[in-house]
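Read through the structure below, which is laid out as structure tokens, and then see the notes.
Letters go in sequence order (proteins before strands), and every chain restarts at 1.
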2 protein chains.
Amino acid sequence: MPPIKPSPLLARAIDICKANNVRFTAVRQQVFTLMAEHKGAITAYELLEQLQAFDSKAKPPTIYRALEFLLENHFIHRIESLNSYLMCCHLGCEHAMQLLICNKCKKVIELSDPVIDEAFSEKASQFGFKITNKVLEAHGICETCLYN
Amino acid sequence: MPPIKPSPLLARAIDICKANNVRFTAVRQQVFTLMAEHKGAITAYELLEQLQAFDSKAKPPTIYRALEFLLENHFIHRIESLNSYLMCCHLGCEHAMQLLICNKCKKVIELSDPVIDEAFSEKASQFGFKITNKVLEAHGICETCLYN
DNA sequence: CTACTATTGCTATGCTATTATATTGATTCT
DNA sequence: AGAATCAATATAATAGCATAGCAATAGTAG
């Protein structure tokens, strides 16, 4: 694997990994960088194809392991309704999350609204249900596409 | 295909289809009935296996077409985060929906809370985003499982 | 009856994700 | 440094989810 293209974002991620004492290996950094450069959602196999430009022997487990690592460390999000993945705009911190996914331009707006989050948790607690994980994804048309 | 097992739910669905002037064919009724009898989420291939007991030549497209029909007519929901399907407890009417999915017993509580729904729509509109479809799914532990 | 449309049958294939096993590489301990 | 240990990667195979395309058939309308 050739050296990874440096970037401020990557540098921050390296710091976070150092602080958390986890190994941010070459494959992981390369996948991180590919995700960071890709605006919007990307599928595992699209990512794999891109990774193979740097590492021709990369196989599905290569990419899925890297994605798993990035998810665990809160560097990326998984979009359930698209079977795809997205750079997290809060790099490395856990937080309430909602997504607005544009059907037309495919861009994704990442929200972190406590009102929506708590409304759901509150409602669940009325049923004695303890939420461990929320999937809050909306599809529609973004402002830009609406006027184009 | 043998005759479909009658049930009050099926009878209501038949009425709705008649009213909407759509064809509720034998395969569709059979899949409807299988879904109705199955409490909780079920995958397309699990359903296919069950359908094959009645219709040995059923293939994946058979089940996916039936599911598509049932989705369009609001008889079932798709659970994005599980790649599976669920009987709708409001048979035939469109409505706001949120799901509470128990990781342990796999039961699903279907909510229809306008507060959560509107909080999300409201937030989106602040970004000029027009939502066409929401995916609101929470995973966790239900009350029953919590005390067992 | 004929023409039209919706539905079904069938084959193949594509996309998404994981399992299992072997191997390599990093870290720790003595 | 050498041995033991644990984390990460390579590789092949396969499981699981979903759709495309086309031919055949059944239902509906004129």
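Closest to the T62(B) side chain, of the nucleotides dA20(D), dG9(C), dT9(D), is dG9(C). Considering only side-chain atoms of P60(A), the nucleotide from dT18(C), dA18(D), dT7(C) that sits closest is dT18(C). The side chain of Y85(A) has dA17(C) as its nearest neighbour among dA17(C), dA18(D), dT19(C). Here the side chain of Y45(B) is nearest to one of dA7(D), dT7(C), dC17(D), namely dC17(D). If you check dG9(C), dT11(D), dA17(C) against the side chain of K57(B), the one that comes closest is dG9(C). Taking every side-chain heavy atom of R78(B) into account, dA18(D) is the closest of dT11(D), dA18(D), dT19(D). Of the candidate nucleotides dT11(D), dA7(D), dA17(C), dA7(D) has the atom lying nearest to any side-chain atom of R23(A).
Listed pair N83(A) / dA17(C) meets the phosphate criterion, a side-chain N or O lying under 4.0 Å from OP1 or OP2. For the OP1/OP2 pair of dG16(D) and a distance below 4.0 Å, the side-chain nitrogens and oxygens of T43(B) include no atom meeting the criterion. In this model, the phosphate group of dT9(D) is approached by a side-chain N or O of R28(A) to a distance below 4.0 Å at OP1 or OP2. Phosphate proximity of dT9(D) to T25(A): present, with a side-chain N or O under 4.0 Å from OP1 or OP2.
Interatomic distance, CD of E137(A) versus CZ of F120(B), reported as 8.5 Å (0.5 Å rounding). Within the model, atoms NZ of K104(A) and CD1 of I141(A) stand 6.5 Å from one another, a figure rounded to the nearest 0.5 Å.
Counted within 6.0 Å of CD on E49(A), heavy atoms from surrounding residues, nucleotides or ligands total 12 or fewer; the atom is thus considered open. Around atom CD of Q126(B), more than 12 heavy atoms belonging to other residues, nucleotides or ligands sit under 6.0 Å away.
We find that the ring of Y64(A) and the base of dT18(C) do not stack by the test of centres under 5.5 angstrom and planes tilted less than 30°.
As a whole-Å value, the separation of E68(B) CD from dA20(D) P is 10 Å. Rounded to a whole Å, the CD atom of E46(A) is 14 Å from the C1' atom of dG14(C). Rounded to an integer number of Å, the gap from CG of N21(A) to P of dT27(C) is 10 Å. As a whole-Å value, the separation of K59(A) NZ from dT16(C) C1' is 17 Å. Remark: P of dA18(D) and CG of L47(B) are 12 Å apart, rounded to the nearest angstrom. Atom CG of L82(B) is separated from atom P of dT16(C) by 18 Å (rounded to the nearest Å). In this structure, L48(B) atom CG and dC17(D) atom C1' are separated by 12 Å, rounded to whole Å. Counting to the nearest Å, the P atom of dA8(D) and the CD atom of Q30(A) are 18 Å from each other.
Using a 30° and 60° split on the angle between ring planes, F24(A) and F69(A) fall in the parallel class, below 30°.
R28(B) is linked by a salt bridge (Lys or Arg N to Asp or Glu O under 4.0 Å) to nothing, counting only residues two or more places apart in sequence or in another chain.
Side-chain atoms of H90(B) and S112(B) form no donor-acceptor pair, as typed in the model, at a separation below 3.5 Å.
Contact check on E143(B) versus K130(A) returns no salt bridge, with no Lys/Arg side-chain nitrogen under 4.0 Å from an Asp/Glu carboxylate oxygen.
End-to-end axis angle for the helix from dC1(C)-dG30(D) to dT30(C)-dA1(D), using five pairs per end and rounding to 10°, comes out at 30°.
Judged by atom type and distance alone, R65(A) reaches the base of dA10(D) through a side-chain donor-acceptor pair under 3.5 Å.
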